[in-house]
Every structure is written in structure tokens, then in C-alpha cells.
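Just so it is clear, the values below take in all heavy atoms, side chains as well, and ignore hydrogens, waters and symmetry mates. Position 1 is the first residue of the sequence; numbering continues from there.
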Amino acid sequence: MLTIIGIGLFSYLVYSVGVHKIYGGVVKVGITGVAVVIGIHFIKICLRAYAWKLCVHGPYSLSIKDTLPAVVIGEAMSSTIPLGILASGTAKAVAVRNRIPLVAGLSSIATENLFYSLATSVFLIIGGVILLRGFAIDESFVLAINFLILSVSILIVLGFLMIIRQWHFASWICNWIYEKGFFTSILETGRHHVRRFEELLYGFYRHYPKRFLPICLLEATYFVLGVSEVWYILSRLTDSFPSLLSAFLLESVSRLITVIFKLIPFVIGVDEAGSQFIGDTLALAAGVAVTLAIIRKGRILFWTAMGWLLIIKRELSYREFSRNSESTSLN
């Protein structure tokens, strides 16, 4: 249902802007420009792949050759499947299961996701503050943005407390369900797997404090490249020199929409609507923001196709995983 609404919203925005105007914008960017956008995103993928590599807990290790295709696969799953953000983590762990045990892979992915979530949260807070202080927007949006800033700030604090105090809430919930007599066949060994997952996750922060800064820098650079990508597309779409502030706000809103509307494949429709809102706020030329979002959608489609090609190529390995996942070693 949400996907149908998103497609309807996308169709309306394309109609309101005009197909010819959007086509003209795409022609302005050109094949070279699209190739540059695809290349920038490849660098972003490499950054997250390397950050994941640094998040692997010893005695296990992964190379960039292991993590890079796995990240492409994970992004493909995340983009096309509702709640794909959950499936993407499992897909990445499956992709490297011949290198490290499944639980170790999942814990390293969760560790990298925590760093990524921290960077995303800071990015969204900065974007919200700039939008509130620098632009006149509707009062209802002011309340929504203030609520967002407060909520994200609370989540950051709770995240730090969870890591520092090592709250094993997931294994506690599994044990509680098991003791109540539910799902006992699954949780007989599953609860121990969850506990092992938590120990690997929290153990990283005790044993590898020197990796914190490099990982944070990698995640921060990921978002800097996102802003650069928006700025580059704007420079091709407009005759005037675009400001970095405009690119920053457009990227922050796109990131927020990706987080909130992950249920909609490719966040179709809502991403374009969010870009249009910020475009109007920034007084961009008519249709520029929607065209920007569509061009970036093309980049997503390209890398999603690459991810699904990798999934098809590894189809046999996935069948083996489905048969043997329950017996995956934790040692």
C-alpha cells in the first residue's frame, strides 16, 4: 500500500514539474555527470566497507575484497525489500560466512551500523538546527523538526548508555521468553547465540578503542561525499554556482526520508517530495530539486542492479546457507 502511495506521489510530482523539464535536466547532467555520480557513490560504498572491516572482532578478520561486494549486496536488499534494512545486515553476514562465523559477522555489522547511526544522527541534528535558524518555515514543520532533534538526541544518549553499561537486553528477552515456554525449540540454542552476539558487540568497544576515530572519520566522510554528490548535480542543473549549504540541507532531508520511509522500496515519491520541499525553501528553480532526486534514484538503481547480479552469482552459496545456518559454528 505504501509503495502504491509512493508511486502515486512520484507520478504527481513528475506531472507537476513536467516530463520535458526533468528530461532537460537529465540531459544537462549528461552521461559523464551520471558516471561521476555513480563513481562518488562507489567511493561511499568503499568507505562503509572499510569501516566494517575495522569493526570485525578478533580472532576473525575480513579484507576489503570480502566486505565490498557484501555491502553492495546489502544495499540492494535494503533498497528493494520493505524492511530491507533488516534483511541487508543478514545478507552481508551471509556473503562473508565462509570467512567468519555468522554471529561474528552479524556483530561486526551491528558495530559498524552503530557508528553509522551516530554519524547519521549528528548529521540530521545539524541539518535541523540550520533549517530552523536560517530559514522561515511553517510553524507545524518547526514543531516537527524540534521533535526530531530532541528524539535523535535522546537516542544518542541511550545508545552511549547501552554501550557503556553493556545492557544485554536482547538475550534477557530471549531468556524470558524461553522460561515462559515459548519457542523453546528455537531458543534452546538461539538465546546463547544472541548472548554471544552481544558479547562480541560490546567486546569491540573494550578491546579496540584506537579504531574509534578512524571509523568515525570514515562514516563522516561518507556524508561529506553525499553532500558533494548533491552539490555536483546542482552545479550541472543550474546556471548559478550552488551553495554548499543548499547541498547540505538537501542531503540531510534525503537521509531523513531514507530513515523514516524505509518501508517504501527506493523511497520512491517521498524522496522527491522532500527534495521539492527543501527546494522551495531554498528558492531553487522550479523542478531542480525533483530532477536532482530522480538522478540520484538512477544511481541507486544502478548499484541495486549490481547488488542483485552478485546475489544471483552467489545463489548456490545462499542455498547452502539456508540448509546449514542453524549449525553455524560460533568458535
Side-chain angles (χ1 to χ4, degrees), residues 10-11 13-50 64-65 67-69 71-76 78-80 123 218-255 257-258 265-276 278-280 282-310 313:
F10 177 83
S11 301
L13 288 168
V14 170
Y15 173 78
S16 62
V17 171
V19 175
H20 293 295
K21 185 171 289 187
I22 293 172
Y23 175 76
V26 174
V27 170
K28 273 188 176 182
V29 174
I31 296 176
T32 302
V34 172
V36 170
V37 171
I38 290 172
I40 291 174
H41 193 72
F42 177 70
I43 299 173
K44 291 168 65 180
I45 292 172
C46 291
L47 290 173
R48 289 206 67 182
Y50 197 80
I64 192 71
K65 291 182 179 179
T67 57
L68 184 57
V71 170
V72 176
I73 288 172
E75 287 207 355
S78 180
S79 297
T80 55
F123 186 70
L218 287 167
E219 303 291 3
T221 306
Y222 177 93
F223 287 101
V224 170
L225 283 175
V227 174
S228 301
E229 178 187 281
V230 173
W231 183 89
Y232 174 77
I233 297 172
L234 286 177
S235 70
R236 302 293 292 256
L237 289 175
T238 59
D239 298 326
S240 59
F241 192 77
S243 70
L244 286 174
L245 179 60
S246 297
F248 182 91
L249 290 174
L250 283 162
E251 172 64 5
S252 62
V253 168
S254 176
R255 187 59 45 190
I257 287 171
T258 300
F266 300 105
V267 287
I268 186 169
V270 289
D271 191 22
E272 288 75 15
S275 295
Q276 181 67 26
I278 292 298
D280 291 342
L282 299 173
L284 294 178
V288 167
V290 173
T291 305
L292 165 73
I294 290 174
I295 291 171
R296 299 186 84 193
K297 193 82 75 214
R299 176 261 290 163
I300 295 172
L301 287 169
F302 174 86
W303 284 110
T304 298
M306 294 300 102
W308 280 104
L309 285 174
L310 287 171
K313 183 179 178 181

**Distance (rounded to the nearest 0.5 Å) between Ile73 CD1 and Leu68 CG** = 10.0 Å
**Request:** Nearest 0.5 Å please: distance from the CD1 atom of Ile38 over to the CD1 atom of Ile295.
**Result:** 11.5 Å
**Request:** Fit a plane to each ring of Trp231 and Phe241, take the angle between them on a 0 to 90° scale, and name the class: parallel (under 30°), tilted (30 to 60°) or perpendicular (over 60°).
**Result:** perpendicular
**Message:** Run the ring pair (Phe, Tyr, Trp, His ring centres under 6.0 Å) test against Tyr15 and tell me which residues pass, sequence neighbours left out.
**Reply:** none
**Request:** Using the test side chain to side chain donor-acceptor pair (under 3.5 Å), find all partners of Ser243 that sit at least two apart in sequence or belong to another chain.
**Result:** Ser246
**Fill in**
OG1 of Thr80 to CD of Glu75, rounded to nearest 0.5 Å, is 11.5 Å
**Asked** With a cut-off of 6.0 Å (strictly less than), are more than 12 heavy atoms of other residues, nucleotides or ligands near CZ of Phe302?
**Response** yes
**Message:** Ignoring hydrogens, what is the shortest heavy-atom contact between Glu272 and Val267? Give both atom names and the distance.
**Reply:** OE1-O, 4.1 Å
**Fill in**
Residues passing the side-chain contact (heavy atoms from CB on, under 4.5 Å) test with Ile278, sequence neighbours excluded, are Leu131, Leu249, Leu250, Val253, Leu282
**Interatomic spacing from CD1 in Ile233 to NZ in Lys28 - rounded to 0.5 Å** = 14.0 Å
**Asked** Of all residues at least two apart in sequence or in a different chain, which pass the side chain to side chain donor-acceptor pair (under 3.5 Å) check with Lys44?
**Response** none
**Request:** Return the set of residues passing side-chain contact (heavy atoms from CB on, under 4.5 Å) with Lys21 (not counting sequence neighbours), or none when no residue passes.
**Result:** Val17, Ala286
**Request:** Provide the closest heavy-atom pair for Leu292 versus Leu237 in the form atom of the first, atom of the second, distance.
**Result:** N-CD1, 4.0 Å
**Fill in**
Nearest heavy-atom contact between Phe10 and Ile294 is CE1-CG1, 3.9 Å
**Asked** Hey, is CZ on Phe42 packed in by over 12 heavy atoms from elsewhere, all under 6.0 Å?
**Response** no
**Item:** Partner set under side chain to side chain donor-acceptor pair (under 3.5 Å) for Arg48, not counting sequence neighbours
**Value:** Glu112, Asn113
**Point-to-point distance, once rounded to the nearest 0.5 Å, from CD1 of Ile300 to CZ of Phe266** = 8.0 Å
**Item:** From Leu309 atom CG to Thr304 atom OG1, the distance as rounded to the nearest 0.5 Å
**Value:** 11.0 Å
**Request:** Please list, chain by chain and in numerical order, all residues satisfying side-chain contact (heavy atoms from CB on, under 4.5 Å) with Ser11, sequence neighbours excluded.
**Result:** Ile7
For residues 219-229, tabulate all N or O donor-acceptor pairs below 3.5 Å that involve a side-chain atom, not counting sequence neighbours.
from   : atom 1 : to     : atom 2 : distance (Å)
Thr221 : OG1    : Leu217 : O      : 2.7
Ser228 : OG     : Val224 : O      : 2.9
Glu229 : OE1    : Arg299 : NE     : 3.4
Glu229 : OE2    : Arg296 : NE     : 2.6
Glu229 : OE2    : Arg296 : NH2    : 2.9
Glu229 : OE2    : Arg299 : NH2    : 2.6

**Request:** List for me each residue that meets side-chain contact (heavy atoms from CB on, under 4.5 Å) alongside Tyr23, sequence neighbours excluded, and say none if there are none.
**Result:** Val27
